[in-house]
Amino acid sequence: MSALGAERYARPVVEVAQALLGCTLRFGPCTGVIVETEAYHDSEAACHAHVGLTPRTHVLFGEPGRAYVYRSYGIHALLNAVCEPAGVGAAVLIRALAPLDGLEEMQARRGAVHREDLCSGPGKLTQALGIDLELNQSDLSAGPITIEPPGPGWEEVDVIAGRRVGITKAVELPWRFCVAGARSVSKPWPPGLHDTVAPRVR
DNA sequence: CATGGGATTGACT
DNA sequence: GTCAATCCCATGC
């Protein structure tokens, strides 16, 4: 299966965040189905690109389809897919995977945790797959990290929207998206009153 | 050049 | 439930 082209990322970031659910993330021998994402856009204060063009945000304002990988809390690498046309600072944070292939490699890096916990968080999945800061700015349509169209059984999924996790600004935006019923989603997931089921967007 | 704040996780009370 | 680990980078002097 071939990787999604850059044009698939040159769309409104909230659309792409939902469209990536069910797609397969691949790095080396490891693959997993994307089951949780969040959208970030320079127009809102939670997005790193909100501060404008700096060395750090350069990639966010650049070509769609690139990886934005940054260090969080001094410890974890978090993986994003840059979206919208160049000149707009926007990205989809990949928050969780349902592991498919390379389980042994993932377990070697993550320890003896249950399968559904191997990639159930943005820092966990980069650790499991071995994705680090050197992959910042790499081309997701060329590799070594790629995102491919949904595999068997993942073509049609119901999407649940909610508030984004771990931020202090623009907390009200319902820009977190999960696959309904997925077990490998990240921790804070008590369905709230503002959660809604959104239509599938491709 | 010094400072402060995280798009988190896991260990511990 | 609380809390520390740890480093990149934006900001301000």
Side-chain angles (χ1 to χ4, degrees), chain A residues 9 12-18 20-21 25 32 34-62 64 66-84 88-97 99 106-138 140 145 147 160-179 182-190 192 194-195:
Chain A
Y9 300 91
V13 66
V14 172
E15 282 186 26
V16 181
Q18 296 169 73
L20 291 184
L21 294 177
L25 179 72
I34 298 171
V35 294
E36 180 183 352
T37 60
E38 286 177 357
Y40 289 87
H41 188 277
D42 62 44
S43 62
E44 45 90 13
C47 182
H48 290 171
H50 190 64
V51 299
L53 192 58
T54 68
R56 182 193 209 191
T57 63
H58 177 79
V59 60
L60 287 169
F61 286 98
R66 298 301 181 105
Y68 168 52
V69 185
Y70 73 97
R71 190 164 300 291
S72 173
Y73 291 93
I75 301 172
H76 303 101
L78 269 54
L79 171 66
N80 299 252
V82 174
C83 293
E84 311 241 359
V88 178
V92 172
L93 171 66
I94 311 298
R95 287 195 58 89
L97 308 174
M106 295 186 195
Q107 285 163 351
R109 286 184 282 251
R110 286 274 300 138
V113 298
H114 289 129
R115 179 184 179 127
E116 61 266 25
D117 292 324
L118 280 175
C119 299
S120 59
K124 295 178 185 178
L125 72 91
T126 55
Q127 183 190 12
L129 272 62
I131 293 170
D132 62 19
L133 297 195
E134 294 187 355
L135 291 158
N136 190 33
Q137 304 189 53
S138 67
L140 296 174
I145 308 172
I147 298 177
I160 296 178
R163 294 183 174 193
R164 295 175 293 181
V165 176
I167 56 173
T168 59
K169 301 165 188 166
V171 296
E172 71 284 354
L173 294 174
W175 284 5
R176 182 195 191 197
F177 304 101
C178 294
V179 173
R183 285 199 292 268
S184 298
V185 298
S186 70
K187 198 66 178 292
W189 192 242
H194 296 93
D195 299 340

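Just the heavy atoms: all of them, side chains too, but no hydrogens, waters or symmetry mates, feed the values below. The sequence lines fix the lettering, A, B, ..., with proteins before strands; numbering per chain opens at 1.
- Residues A:Cys119 and A:Met106 form a side-chain contact, since some pair of their non-hydrogen atoms from C-beta on lies under 4.5 Å apart.
- If you check B:dT9, B:dA7, C:dA10 against the side chain of A:Pro122, the one that comes closest is B:dT9.
- Residue contacts shown for A:Arg95 are limited to sugar-phosphate atoms, with no base heavy atom under 4.0 Å away.
- Counting heavy atoms of neighbouring residues, nucleotides and ligands inside a 6.0 Å radius, atom CD of A:Glu172 exceeds 12 of them.
- Counting only heavy atoms from C-beta on, A:Ile75 has its side chain closest to C:dT6 among B:dA7, B:dG10, C:dT6.
- Checking each of A:Asn136, A:Ile94, A:Asp132 against A:Leu79 for a side-chain contact (heavy atoms from CB on, under 4.5 Å) leaves exactly one that passes, namely A:Ile94.
- Note on A:Arg71: every side-chain N or O is 4.0 Å or more away from OP1 and OP2 of B:dG5.
- Taking a pair as Watson-Crick or G-U wobble with both distances under 3.5 Å, DNA chain B forms stems of 3 or more consecutive pairs at B:1-6 with C:7-12, B:8-12 with C:1-5.
- A centroid separation of less than 6.0 Å is found between the aromatic rings of A:Tyr70 and A:His48.
- In this structure, A:Lys169 does not reach the B:dA7 phosphate: none of its side-chain N or O atoms is under 4.0 Å from OP1 or OP2.
- You'll find the side chain of A:Leu78 stays beyond 4.5 Å of the side chain of A:Val69, heavy atoms only.
- Looking at heavy-atom distances under 4.0 Å, A:Ile167 makes contact with sugar-phosphate atoms alone, never a base.
- Using a 4.5 Å cut-off on side-chain heavy atoms (C-beta onward), A:His76 and A:Arg71 make no contact.
- Cation-pi contact between A:Arg164 and A:Phe177: absent, since separation from the ring centre below 6.0 Å together with deviation from the ring axis within 45° is not met.
- Among the atoms of the strands shown, only primed sugar atoms or phosphate atoms (P, OP1, OP2) are found under 4.0 Å from some heavy atom of A:Leu78.
- When the side-chain nitrogen and oxygen atoms of A:Ser72 are compared with OP1 and OP2 of B:dA7, none of them lie within a distance under 4.0 Å.
- Considering only side-chain atoms of A:His76, the nucleotide from B:dT9, B:dA7, C:dA10 that sits closest is B:dT9.
- Nearest to the side-chain atoms of A:Tyr73 among the listed nucleotides B:dG10, B:dT8, C:dA10 stands B:dT8.
- Distances were taken from every side-chain heavy atom of A:Tyr68 (C-beta onward) to each of C:dA10, B:dA7, B:dT9; the shortest belongs to B:dA7.
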